[in-house]
Amino acid sequence: MLFIGNQNVEQAGLEQQIKLEQIDSKQLPYPDATFDMVISNSIVHHLTNPLLFFQEIQRLLKPQGGIFLRDLTRPSSETELNSLVEQYARDCNEHQKKLFRDSLNAAYTLDEIINFIESVGLENMRIYQSSDRHWTAERSYRPPK
């Protein structure tokens with residue numbers, strides 16, 4: 001992914017603005033209040049302790065910083081889980097179906113995500129179920145005055 005991403009950055013001529021790195025999302029090597037925006041897609045369900053990830057967002061984001069997070073949400077029942085796997089992985093092989101099922105099972109509920117975000121003090125967040133299988137948490141960037 002990093003190789004392809006770096007190719008795309010280079011082709012767009014954005015090497016001065018965009019740097020892609022493989023680092024630990026729970027211990028990022030940057031000073032406090034470094035970033036204007038944090039974007040994350042489908043990482044939270046891979047984390048055994050997502051609270052550390054949310055603490056890093058709070059630490060690294062400038063006070064006026066924007067946030068856009070999206071991930072899977074855990075289905076409320078085995079019936080719902082089976083329905084989602086059938087709907088979205090119908091044409092996949094058994095291994096791919098298992099990976100999708102495992103990801104859904106590993107995901108956090110919307111209430112758990114709300115609790116993580118509130119517990120680290122991230123404010124002015126809009127947190128909502130954005131599809132039948134995703135939650136989204138967002139906050140608009142507010143330029144400094």
Q: Does Leu47 belong to the same Ile/Leu/Val/Met/Phe/Trp/Tyr cluster as Leu51, with side-chain heavy atoms less than 4.5 Å apart forming each link?
A: yes
Q: Minimum heavy-atom separation for His46 to Ser42, with atom names?
A: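 Looking at all heavy atoms of both residues, the closest pair is CD2-O, 3.3 Å.
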Q: Once rounded to the nearest 0.5 Å, what's the spacing between atom CD1 of Ile117 and atom CE of Met125?
A: 4.5 Å
Q: Side-chain heavy atoms nearer than 4.5 Å, only ILVMFWY residues, links allowed to pass through others: does that put Leu2 and Leu14 together?
A: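 Yes.
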Q: Could you pull out the closest heavy-atom pair between Leu104 and Pro75, with the gap in Å?
A: O-CD, 3.6 Å
Q: Is there a side-chain contact between Leu122 and Ile67 (heavy atoms, below 4.5 Å)?
A: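 Heavy-atom side-chain distance check passes, below 4.5 Å.
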Q: Counting only heavy atoms from other residues, nucleotides and ligands, does the tally under 6.0 Å from CD of Gln17 exceed 12?
A: yes
Q: Is Tyr88 close to Asp132 at the side-chain level, that is, under 4.5 Å between some pair of heavy atoms?
A: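 Touching, per the 4.5 Å side-chain cut-off.
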Q: For residues Val120 and Arg59, determine if any side-chain heavy atom of one lies less than 4.5 Å from a side-chain heavy atom of the other.
A: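 When only atoms from C-beta onward are counted, Arg59 and Val120 do not touch, as no gap falls below 4.5 Å.
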Q: Under 3.5 Å, is there a donor-acceptor pair between the side chain of Gln129 and the main chain of His134?
A: yes
Q: Below 4.5 Å, heavy atoms only, C-beta onward: do Tyr128 and Trp135 meet side chain to side chain?
A: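 Not touching, per the 4.5 Å side-chain cut-off.
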Q: Rounded to the nearest 0.5 Å, how far apart are CG of Leu81 and CZ of Arg101?
A: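 Going from the CG atom of Leu81 to the CZ atom of Arg101 covers 4.5 Å.
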Q: For the side-chain contact (heavy atoms from CB on, under 4.5 Å) test, which of Ile127, Leu69, Asn124 pairs with Arg139?
A: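 Answer after filtering Ile127, Leu69, Asn124: Asn124.
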Q: Can you tell me how far the OG1 atom of Thr73 sits from the NE2 atom of His45, to the nearest 0.5 Å?
A: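 Thr73 OG1 to His45 NE2: 11.5 Å, rounded to 0.5 Å.
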Q: Quick one: is the NZ or CZ of Arg70 closer than 6.0 Å to the six-membered ring centre of Phe68, and within 45° of its axis?
A: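 Ring-cation test returns no.
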Q: For the residue pair Leu110 and Ile114, establish whether any side-chain heavy-atom pair is separated by less than 4.5 Å.
A: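 When only atoms from C-beta onward are counted, Ile114 and Leu110 do touch, with a gap below 4.5 Å.
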Q: Would a hydrophobic clustering, with Ile, Leu, Val, Met, Phe, Trp and Tyr connected at side-chain separations under 4.5 Å, put Ile113 with Ile43?
A: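 Looking at the clustering, Ile43 is in the same group as Ile113.
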Q: If you define the side chain from C-beta out and look only at heavy atoms, does anything of Glu56 sit under 4.5 Å from Val38?
A: no
Q: side-chain contact (heavy atoms from CB on, under 4.5 Å) for Gln64 and Asp36? Distances and angles first, verdict last.
A: CA-CA 7 Å; Gln64 74 279 4; Asp36 292 315; 4.0 Å; yes
Q: Over all heavy atoms of both residues, which pair between Pro50 and Val44 is shortest? Give the atoms and the distance, please.
A: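 Smallest interatomic distance, heavy atoms only, reads CB-CG1, 3.8 Å.
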Q: Can you measure from CG (Asp32) to NZ (Lys62) and round to the nearest 0.5 angstrom?
A: 12.5 Å
Q: Ignoring hydrogens and angles, state whether a donor on the side chain of Thr109 or Arg74 is under 3.5 Å from an acceptor on the partner side chain.
A: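 Result is no, nothing qualifies.
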Q: Using the six-membered ring wherever Trp is involved, compare the ring planes of Tyr108 and Phe116 and label them parallel, tilted or perpendicular (cut-offs 30° and 60°).
A: perpendicular
Q: Can you confirm whether Leu28 sits close enough to Ile23 that some side-chain heavy atom of one is under 4.5 Å from a side-chain heavy atom of the other?
A: yes
Q: How long is the span from the CG atom in Asp71 to the OG atom in Ser103, to the nearest 0.5 Å?
A: 8.5 Å
Q: Distance check, rounded to the nearest 0.5 Å: Glu80 atom CD versus Gln87 atom CD?
A: 10.5 Å
Q: Should Ile57 and Leu52 be counted in the same cluster of Ile, Leu, Val, Met, Phe, Trp and Tyr side chains packed under 4.5 Å apart?
A: no
Q: Would you say Glu10's side chain and Asn6's backbone share a donor-acceptor pair under 3.5 angstrom?
A: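 Judged by distance alone, no pair lies under 3.5 Å.
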Q: Determine whether Ser119 and Phe54 make a side-chain contact, defined as any pair of heavy atoms from C-beta on separated by less than 4.5 Å.
A: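 Sidechains of Phe54 and Ser119: no contact.
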Q: Would one find more than 12 heavy atoms of other residues, nucleotides or ligands at under 6.0 Å from atom CD of Glu15?
A: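 Result for CD/Glu15: enclosed.
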